[in-house]
Amino acid sequence: TLIYYHLAMTQILVASPIKKKITKELKAECKLLKERNVTPFLKVILVGHDPASVVYTTNKKKFCEKVGAKCEIIELPETISEKDFINVLNDINKDKNVHGCIIQLPLPLQLTHLDVGTLINKDKDVDGFHPENLYSILRGQYTPLDFVSCTPKGIITLLKAYEIPLAGKNVVIIGRSMIVGKPLSMLLTNENATVTLAHSKTENLKELTKKADIIVCALGKANFLDRSFLNSSNNQIVIDVGINKDGEGNMFGDANYSDIFDHVQAITPVPGGIGPMTIVSLVQNLLQAAKKEISI
Ligand code: NDP
């Protein structure tokens with residue numbers, strides 16, 4: 001009976017019902033745009049053939065097409081020069097038919113020194129990496145002209161959809177990257193959470209996570225967060241951003257799901273949690289970009 005009690009108590013924060021609802025909204029918006037002769041168009045820059053990147057870009061394209069938007073994956077050779085790469089981006093920046101453009105990371109070595117956030121014009125930056133878009137979340141005011149980075153935006157959408165209170169709550173984020181941890185810390189602060197942004201130099205991480213109401217794992221270490229990071233309340237919520245793969249292509253989150261499942265109030269699964277929410281946010285941003293054309 002004890003096992004049944006725990007299974008019944010832990011909530012699995014799956015993306016699918018939220019994705020379904022938002023897909024419907026996006027389809028309707030897309031239809032409206034097309035009636036006004038605007039077809040939302042995303043270009044995805046893929047340099048080289050990193051297998052994970054190929055899968056991610058294909059998934060993004062599929063979801064765009066599902067809602068009725070256009071998506072083209074621009075495949076560039078692994079060895080492309082910096083000059084040629086910049087030229088491709090400049091052409092896209094000038095192309096009035098393209099509403100959004102994203103650069104799939106990681107980039108090959110000869111391009112890693114580039115500041116990707118500044119390469120795509122702010123108004124097409126549906127990944128939300130441009131300094132002006134980042135400033136909007138720092139400031140805590142988002143207008144329809146600003147794009148919020150996709151993974152952090154998807155996390156907030158999921159938390160709100162499951163009506164998880166954020167105001168006044170202690171949130172510990174593990175990982176301070178520019179694409180997840182840092183922007184998420186701002187968004188959660190804007191939602192009145194009290195945020196601790198932890199990283200590899202953080203001392204006494206377990207003391208911090210034990211005090212958290214919500215723990216976000218975004219560090220890229222398979223099964224890192226186990227029971228020893230949790231307190232005994234069984235009331236903590238774990239958001240698992242990690243996507244880690246073993247040699248056989250199996251996917252693991254940053255949380256040790258089976259170890260902590262019975263000891264948390266709620267947890268996002270991997271796959272099926274934050275991954276799909278990220279793609280949903282991207283296409284929301286694309287439609288937001290396209291809407292600017294007819295200002296609806
Ligand atoms: P990065 O590698 O850019 O950053 C990792 C962060 O984790 C760094 O800040 C690092 O600290 C910190 N870190 C690493 N090891 C530890 C440790 N032992 N203890 C505490 N902190 C640690 O990762 P990303 O943000 O790009 O990605 C994180 C994970 O999320 C990956 O698994 C990635 O695949 C996944 N991801 C998933 C997405 C999705 O759609 N679901 C989207 C984007 C990423 P320091 O700064 O000190 O080095």
Side-chain angles (χ1 to χ4, degrees), residues 13-16 18-19 22 44 46 50-64 102-107 112 115-117 126-129 134 137 147-159 171-188 195-210 212 215-226 228-230 238-246 249-257 267-285:
L13 306 169
V14 288
S16 53
I18 311 166
K19 188 175 177 185
I22 297 178
V44 180
L46 175 62
D50 173 54
S53 296
V54 172
V55 173
Y56 295 148
T57 51
T58 309
N59 288 342
K60 288 169 185 175
K61 184 173 160 73
K62 270 195 208 148
F63 190 58
C64 279
I102 60 172
I103 301 169
Q104 185 65 44
L105 300 174
L107 288 172
T112 45
D115 183 1
V116 282
V126 287
D127 250 341
F129 295 164
L134 288 172
I137 63 172
F147 300 108
V148 175
S149 355
C150 299
T151 302
K153 175 173 172 155
I155 293 171
I156 300 288
T157 305
L158 179 129
L159 288 167
V171 183
V172 171
I173 303 171
I174 313 173
R176 56 175 163 181
S177 75
M178 283 286 283
I179 61 168
V180 187
K182 277 186 191 167
L184 180 63
S185 71
M186 286 302 124
L187 293 184
L188 288 166
V195 181
T196 304
L197 188 52
H199 45 76
S200 69
K201 308 288 188 291
T202 298
E203 291 178 5
N204 306 323
L205 180 59
K206 289 184 184 180
E207 277 173 30
L208 298 171
T209 53
K210 281 179 193 220
I215 303 168
V216 181
C217 305
L219 68 158
K221 298 245 148 65
N223 299 325
F224 176 83
L225 191 97
D226 61 21
S228 66
F229 286 85
L230 304 179
V238 173
I239 304 297
D240 191 351
V241 184
I243 300 178
N244 308 287
K245 294 203 174 117
D246 65 9
N250 300 310
M251 200 191 276
F252 302 92
D254 287 346
N256 188 332
Y257 192 85
I267 183 165
T268 60
V270 176
I274 302 308
M277 292 308 300
T278 298
I279 299 188
V280 164
S281 308
L282 173 69
V283 179
Q284 282 179 320
N285 283 352

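Both counts, for ligands and for their atoms, begin at 1 and track the order of listing. Computed from heavy atoms alone, side chains included, the values below leave out hydrogens, waters and symmetry copies.
- At a distance under 4.0 Å, a protein heavy atom can be found next to atom 45 (P) of ligand 1.
- Distance screen at 4.0 Å: atom 34 (O) of ligand 1 has a protein heavy-atom neighbour inside the cut-off.
- Side-chain contact between Leu205 and Phe224: present, with at least one pair of heavy atoms (C-beta onward) separated by less than 4.5 Å.
- Taking CG of Leu208 as the start and CZ of Phe229 as the end, the distance is 10.5 Å to the nearest 0.5 Å.
- Contact annotation for Ile243 and ligand 1: heavy atoms of both the backbone and the side chain come within less than 4.0 Å of the ligand.
- The proximity of Lys221 to ligand 1, defined as any non-hydrogen pair under 4.0 Å, is limited to the side chain.
- Contact annotation: the side chain of Met277 approaches that of Ile18 to within less than 4.5 Å [non-hydrogen atoms, C-beta and beyond].
- For atom 1 (P) of ligand 1, the closest non-hydrogen atom on the protein side is Ser177 CB, 4.1 Å.
- Counting protein heavy atoms only, atom 36 (N) of ligand 1 is closest to Val241 O, 3.7 Å.
- At least one heavy atom of Ala218 sits less than 4.0 Å from an atom of ligand 1.
- Looking only at heavy atoms of the protein, atom 31 (C) of ligand 1 is closest to Gly220 CA, 3.5 Å.
- Counting the atoms of ligand 1 from 1 in the order shown, those under 4.0 Å from a heavy atom of Arg176 are 6 (C), 8 (C), 9 (O), 45 (P), 46 (O), 47 (O).
- Within the 4.5 Å cutoff, side-chain heavy atoms of Ile239 are placed close to those of Ile274.
- Proximity to Gly275 (heavy-atom distance under 4.0 Å) selects the following atoms of ligand 1: 40 (O), 41 (N).
- Residue-level proximity to ligand 1 for Leu219 is carried by backbone and side chain together, each with a heavy atom below 4.0 angstrom.
- Of the protein's heavy atoms, Thr151 OG1, 3.2 Å lies nearest to atom 42 (C) of ligand 1.
- Remark: the backbone N or O of Asp226 is not paired with any side-chain donor or acceptor of Asn256 at under 3.5 angstrom.
- In this structure, atom 18 (N) of ligand 1 lies nearest to the protein heavy atom Phe224 CE1, 3.5 Å.
- Using a 4.5 Å cut-off on side-chain heavy atoms (C-beta onward), Ile173 and Leu188 make contact.
- Set against the non-hydrogen atoms of Asn244, the atoms of ligand 1 under 4.0 Å away are 32 (O).
- Ligand 1 is never approached by Gly181 to a heavy-atom distance shorter than 4.0 Å.
- Contact annotation: the side chain of Thr58 approaches that of Val54 to within less than 4.5 Å [non-hydrogen atoms, C-beta and beyond].
- A distance-only check finds no donor-acceptor pair linking the side chain of Thr151 to the backbone of Val180 [under 3.5 Å].
- Looking only at protein heavy atoms, the nearest one to atom 12 (C) of ligand 1 is Gly175 CA, 3.9 Å.
- Scanning all protein heavy atoms for the shortest distance to atom 40 (O) of ligand 1 gives Thr278 OG1, 2.9 Å.
- When side chains are defined from C-beta on, Pro269 counts as touching Val14, because their heavy atoms get closer than 4.5 Å.
- Looking only at side-chain heavy atoms (C-beta outward), Leu184 and Val171 stay at 4.5 Å or farther from each other.
- Counting heavy atoms from C-beta on, the side chains of Tyr56 and Ile243 come closer than 4.5 Å.
- Here the protein heavy atom with the shortest distance to atom 10 (C) of ligand 1 is Ser200 N, 4.2 Å.
- Judged as a salt bridge (charged side-chain N to carboxylate O under 4.0 Å, His left out), and not counting sequence neighbours, Lys60 has no contacts.
- Only side-chain heavy atoms of Ile174 come within less than 4.0 Å of ligand 1; its backbone N, CA, C and O stay farther off.
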